[in-house]
Asker: 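Shown below is the structure under consideration.
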Amino acid sequence: NNVRIRRVVKPLFHLIGAEPDNHINLVHAYTSARIEHVGQHLVLGRVRLARAELLEAQASFDRALSLDPSNEEALLYSAHIRVAAQPGKALEYYRRFLENNPTSGEALMRVAEIQQRIGDLPAAEATWKKILEIDPGDFSAHLALANIYESERDTASALAEYEVCRALAP
């Protein structure tokens, strides 16, 4: 089985830099070999995503997660794909990712943005503050907090955050 995997995977990695259309047939050949490996589904998911085949990409990342529920790449891709249509499910994937990567600024930012978009302002505020604990100079976090405070009519806190923004980006 490992020989089959190496025989199919080795040429695939040489093509990763190529356009997705140029190697989709190789990826399909790889998956049709019925080798159940997380990497197989991650590669196919990335190719499908590059081809804007979102449902198919989502299915590939879901299959990768069924084989390895804590696979960080599959968790992130699954979350990214679901942000617009399934924000609750995206939050679930980001939280699972953050269990092993609690200081991932990108994942925390995505969580805060989703929380803010769905109207969970207390959770969004807490997440933006957590980002600032990691990186006190994060302009986006200060600006988001200013917007939250402004929407809550806390003008003093909003003004303080806007002043920080101005100092960070004069």
Side-chain angles (χ1 to χ4, degrees), residues 2 5-6 9-10 12-18 20 23 27 30-31 35-149 151 157 161 164-165 167-169:
N2 285 339
I5 291 172
R6 273 190 237 116
V9 171
K10 188 175 179 182
L12 180 64
F13 285 113
H14 291 286
L15 295 173
I16 291 299
H23 62 301
V27 173
Y30 177 43
T31 57
I35 303 166
E36 284 294 316
H37 186 269
V38 173
Q40 157 194 6
H41 298 287
L42 291 174
V43 169
L44 185 57
R46 286 191 303 264
V47 170
R48 287 174 165 168
L49 190 59
R51 294 171 54 99
E53 299 169 357
L54 297 183
L55 293 176
E56 294 84 355
Q58 183 175 312
S60 294
F61 296 126
D62 287 348
R63 183 65 186 136
L65 286 170
S66 73
L67 296 170
D68 179 3
S70 62
N71 184 282
E72 294 175 0
E73 183 178 350
L75 286 169
L76 279 180
Y77 276 116
S78 293
H80 293 333
I81 288 173
R82 288 175 166 88
V83 166
Q86 300 173 307
K89 193 74 169 168
L91 280 174
E92 175 190 323
Y93 285 116
Y94 282 125
R95 287 185 180 125
R96 285 174 52 193
F97 175 82
L98 286 165
E99 288 174 7
N100 293 324
N101 303 280
T103 60
S104 170
E106 179 188 353
L108 285 168
M109 182 187 74
R110 302 281 183 152
V111 167
E113 289 171 343
I114 294 169
Q115 291 167 328
Q116 197 166 346
R117 194 178 86 224
I118 64 175
D120 190 353
L121 297 184
E125 180 180 352
T127 305
W128 287 118
K129 286 180 177 179
K130 186 172 184 175
I131 292 169
L132 290 175
E133 290 173 11
I134 297 166
D135 180 6
D138 188 300
F139 180 85
S140 297
H142 285 290
L143 184 59
L145 283 172
N147 290 328
I148 290 172
Y149 296 142
S151 72
S157 296
E161 290 298 334
V164 173
C165 289
L168 289 172

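In this text the structure is predicted, and so the values were computed from the model without any measurement.
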Asker: Just verifying a value: how many Å separate Ile81 CD1 and Glu56 CD, rounded to the nearest 0.5 Å?
Answerer: 10.0 Å
Asker: Between Gly45 and Ala57, what is the shortest heavy-atom contact and its length?
Answerer: O-CB, 3.5 Å
Asker: A side-chain contact here means heavy atoms from C-beta on lying under 4.5 Å apart; do Ile118 and Leu91 qualify?
Answerer: yes
Asker: Quick check: closest heavy atoms across Leu132 and Asp138, and the distance to 0.1 Å?
Answerer: CD2-O, 3.8 Å
Asker: Search all heavy atoms of Ser60 against all heavy atoms of Arg48 and return the closest pair with its distance.
Answerer: OG-NH1, 2.8 Å
Asker: Give me the atom names and distance for the closest heavy-atom approach of Leu108 to Pro102.
Answerer: CD1-O, 3.6 Å
Asker: Quick one: closest heavy-atom pair of Val83 and Arg117, and the distance?
Answerer: O-NH2, 2.9 Å
Asker: If you round to the nearest 0.5 Å, how far is CD of Gln116 from OG1 of Thr127?
Answerer: 10.0 Å
Asker: Could you pull out all residues at least two apart from Asp68 that satisfy side-chain contact (heavy atoms from CB on, under 4.5 Å)?
Answerer: Val38, Ser70, Asn71
Asker: Do Gln58 and Tyr77 pair up side chain to side chain, a donor and an acceptor below 3.5 Å, judged on atom types alone?
Answerer: no
Asker: First locate atom CD1 of Ile131, then atom NE2 of His142, and finally report the distance between them rounded to the nearest 0.5 Å.
Answerer: 10.5 Å
Asker: Considering non-hydrogen atoms only, spot the tightest contact between Ala90 and Ala79 and give its length.
Answerer: CB-O, 3.5 Å
Asker: Going by distance alone, is a donor N or O of one side chain under 3.5 Å from an acceptor N or O of the other, for Arg63 and Ser66?
Answerer: yes
Asker: Donor-acceptor check, side chain of Ser104 to backbone of Asn101, threshold 3.5 angstrom: yes or no?
Answerer: no
Asker: Evaluate the side-chain contact (heavy atoms from CB on, under 4.5 Å) criterion for residues Asp120 and Ile114: first the C-alpha distance (whole Å), next the side-chain angles of each, then the deciding distance (0.1 Å), finally the verdict.
Answerer: CA-CA 9 Å; Asp120 190 353; Ile114 294 169; over 6 Å; no
Asker: Would you call Asp135 and Lys130 a salt bridge, using N to O less than 4.0 angstrom?
Answerer: no
Asker: Which value, rounded to the nearest 0.5 Å, describes the distance between Leu42 atom CG and Leu49 atom CG?
Answerer: 12.0 Å
Asker: To the nearest 0.5 Å, how far apart are CD in Glu99 and CD in Glu72?
Answerer: 11.0 Å
Asker: Is any side-chain heavy atom of Phe61 closer than 4.5 Å to one of His41?
Answerer: no
Asker: If you measure from CG on Leu67 to CG on Asp62, what distance do you get to the nearest 0.5 Å?
Answerer: 11.0 Å
Asker: Side-chain contact, heavy-atom cut-off 4.5 Å: Trp128 with Met109?
Answerer: yes
Asker: Give me each pair satisfying side chain to side chain donor-acceptor pair (under 3.5 Å) with a member in residues 88-98, each pair once, sequence neighbours excluded.
Answerer: His80-Tyr94
